[in-house]
Amino acid sequence: MEVLLEYVKDMPKVGTSYRFDLSSLISPLFFTWIVELLFPVSVMLTYLVYEKQQKLKIMMKMQGLKDGPYWMISYGYFFVLSVVYMTFFVIFGSLIGLNFFRVNNYGIQIVFFFVYINLQIAFAFFVASFFSSVKIATVIGYIYVFGSGLLGAFLFRFFIEDINFSRGWILVMEIVPGFSLYRGLYELGQYAFSGNAMGATGMMWENLKDPINGMRDILIVMTVEWALMLVLAFYLDQVSSIGGSVGNPLLFFRCLQKKYAPPLQSSFVQQNHKVAVDMEKADVAQERHVVEQLLMDSNANQAIICDNLRKVYPGKDGNPDKLAVRGLSLALPKGQCFGMLGPNGAGKTSFISMMVGLTKPTSGTAYAHGMDIRMDMDDIYTNMGVCPQHDLLWETLTGKEHLFFYARLKNLKGAALVKAVNDSLKSVTLFHGGVGDKQVGKYSGGMKRRLSVAISLIGDPKVVYMDEPSTGLDPASRNNLWNIVKEAKRNRAIILTTHSMEEAEVLCDRLGIFVDGEFQCLGNPKELKARYGGAYIFTVTTPPEQESEIEQLVHRLSPSANKIYNLSGTQKFELPKQEVRIADVFHAVERAKSRLSIHAWGLVDTTLEDVFIKVAKGAPVFNDVA
Ligand SMILES: Nc1ncnc2c1ncn2[C@@H]1O[C@H](COP(=O)(O)OP(=O)(O)OP(=O)(O)O)[C@@H](O)[C@H]1O
């Protein structure tokens, strides 16, 4: 049967104009990405990890910046940046007419974005604790941003819209800051869309009570999480800054316990080192004794006292523990420069690291102007300067900005601050020609080194540590640097490590040759040369076929002469001083010249280098462990 519908028409209705809502097209995913992008890009995570990777944070700490101000400055910087970013975001969105911003209550938006940016900053501090490489942190940051947005839009959203899905589980998922952000933006979007479609308003304060509106829950979740995340981030930061790892959370509490432990009188007295002392060289044992006496004397006024410092690095992958410093005792008065000489791997940097608070001593301790490195490091930092082995500088800051920053940390202000910075730049020849105003990234290696030395001395610190300060400097710059150090040591105590015997002789009032974690000898350069250098060094170069005749000549001059070097006709002998007279050597060589081809020859007193080689070679090698 055929039904005729020819004259049937739609029921007439009231005409409406089409409302195009761009916000609903854009979707919360786009907004999530916009808001989250501040997290990994050049600020926040990258910035925090960069300072850690470049050890700039520890450098700032060593120059006197305490944890509280560091956190407040960094947090404040991120907060201001985020507020400006979000304000532009909301104003721009409103100006181009997006209902997402225009129809929802601005008060709700402000509270929501305020809580979120704080959570995001706390989250960046928290995540930064787990990374020490900027590249990895940035990649992970981007993965988090894009991943949380996509998962939010294509997974989390369906859970929200599925009325049968457990609300409890949704709350759990909203612990991920990316999801809570997505949820908030989703709710704002939903209210804006329905408000727009029905010609009503978007989300108002009273809508927070709506059973389907998740805004109230996420505001609570984000606020609680912000507070917890901050505490957790601070805790992890403390754990890592005391030389531990994030994987060892109990360390922090152990260190807190140690912090309030009563100071020891002298670990020397407590530990039975009698046997070790008996075996020690007399000067090293004497120094230990001096330290022991000073620790008993409450009026002792030494700049630095090291009391039986030990450092053991735990063995990894089945390797035994490494005893890097084996009970170092040393007393240093103000006005003295102490030089630490030692072969590679002797433990010099491990010692300096303990003194500047980079690592904790395994046992023993040290005092800088009476303050204990185990407990008072923050106070020690205000009066300490450090020139680390590797330059720790911001590539984008100028030399002058570095000095201003560190001088301010040392409480210099006004005219004194400007004078100190300019004097410092002049002293390391970085003042003229506007060099101080150039970015450090454009400096040569030598300029960076000179800047590091200037930083270590700015603000008149009373104790200064320099780890191989002249490494990489040309001879002229090195001489200049030596003059600075000579001037600087007048009213402070300086400990420097070096591989240059010349530097040690020029700068140091006292030296210690440090081999395999312990001092082999202590004394001023002259004493050491006199003690270990009872011989002249005779060097002679002839054609290789005349080597044996030279050897016979030397043994006629000094029967106990000892050949210490021989290469292609160049021979080096040690001639005991009691066996030879300098004049006899001169005569013998002059006579020999008539029958031998002597290209060059020389006779010198023992140098510090000879002493160093002799002591380092003669030192016992320990294969033992802690
Ligand atoms: N973090 C560490 N973990 C394990 N072993 C370490 C660690 N740091 C240093 N060591 C080891 O401790 C010993 C002393 O190292 P240290 O860097 O203190 O020597 P150094 O005298 O400063 O050497 P250089 O003159 O080459 O700088 C070395 O055998 C080194 O391998």
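Counting convention: from 1, in listed order, for ligands and their atoms alike. This one's a predicted model, so the numbers in the text were calculated from it and none came from an experiment. Note that these values count all heavy atoms, side chains included, but never hydrogens, waters or copies made by symmetry. For the single chain, residues carry numbers from 1 onward in sequence order.
- When each atom of ligand 1 is checked for a heavy atom of Ala346 under 4.0 Å away, the hits are 19 (O), 20 (P), 21 (O).
- Those atoms of ligand 1 that come under 4.0 Å of a heavy atom in Ala324, given as number and element, are 12 (O).
- When only interatomic distances are considered, the shortest N/O to N/O separation between Gly345 and ligand 1 falls below 3.5 Å.
- Atom OH of Tyr443 and atom OG1 of Thr398 lie 6.0 Å apart (nearest 0.5 Å).
- The contact set between ligand 1 and Ser350, taken as ligand atoms under 4.0 Å from a residue heavy atom, comprises 14 (C), 15 (O), 16 (P), 18 (O).
- Using a non-hydrogen distance threshold of 4.0 Å, Gln389 registers as a contact of ligand 1.
- Within the listing of ligand 1, atoms 25 (O), 27 (O) sit less than 4.0 angstrom from a heavy atom of Glu468.
- In terms of protein heavy atoms, atom 22 (O) of ligand 1 is closest to Thr349 OG1, 2.6 Å.
- Ring geometry, Trp71 versus Phe234: the interplanar angle exceeds 60°, so the pair is classed perpendicular (tilted spans 30 to 60°).
- Within the 4.0 Å cut-off (strictly below), a protein heavy atom is located near atom 9 (C) of ligand 1.
- Side-chain contact of Asp391 with Ser452: a donor-acceptor pair under 3.5 Å is present, judged by distance alone.
- Close approach of ligand 1 to His499 (heavy-atom distance below 4.0 Å) involves ligand atoms 25 (O).
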*Could you walk me through whether Lys572 and Asn566 pass the side-chain contact (heavy atoms from CB on, under 4.5 Å) test, one step at a time?*
CA-CA 6 Å; Lys572 209 173 192 180; Asn566 181 9; over 6 Å; no

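- A cation-pi arrangement is present between Lys426 and Phe431 under the rule of less than 6.0 angstrom and at most 45 degrees off the ring axis.
- Between Phe126 and Phe130, the angle of the ring planes goes over 60°, which puts this pair in the perpendicular group of the 30/60° scheme.
- Closest protein heavy atom to atom 6 (C) of ligand 1: Tyr313 CD1, 3.2 Å.
- In this structure, Phe78 has its ring center under 6.0 Å from that of Tyr47.
- Protein heavy atom nearest atom 29 (O) of ligand 1, with residue, atom name and distance: Lys322 CE, 3.3 Å.
- Ligand 1 is approached by Gly347 to a heavy-atom distance shorter than 4.0 Å.
- Between Trp394 and His402, the angle of the ring planes lies from 30° to 60°, which puts this pair in the tilted group.
- The residue Lys316 has no part lying near ligand 1, judged by heavy-atom distances below 4.0 Å.
- Within 6.0 Å of the NZ atom in Lys135, the count of heavy atoms belonging to other residues, nucleotides or ligands does not exceed 12.
- In this structure, the protein non-hydrogen atom closest to atom 25 (O) of ligand 1 is Lys348 NZ, 2.8 Å.
- Among residues two or more places apart in sequence or in another chain, the side chain to side chain donor-acceptor pair (under 3.5 Å) test is passed with Lys400 by none.
- The protein non-hydrogen atom at the shortest distance from atom 26 (O) of ligand 1 is Asn344 ND2, 2.9 Å.
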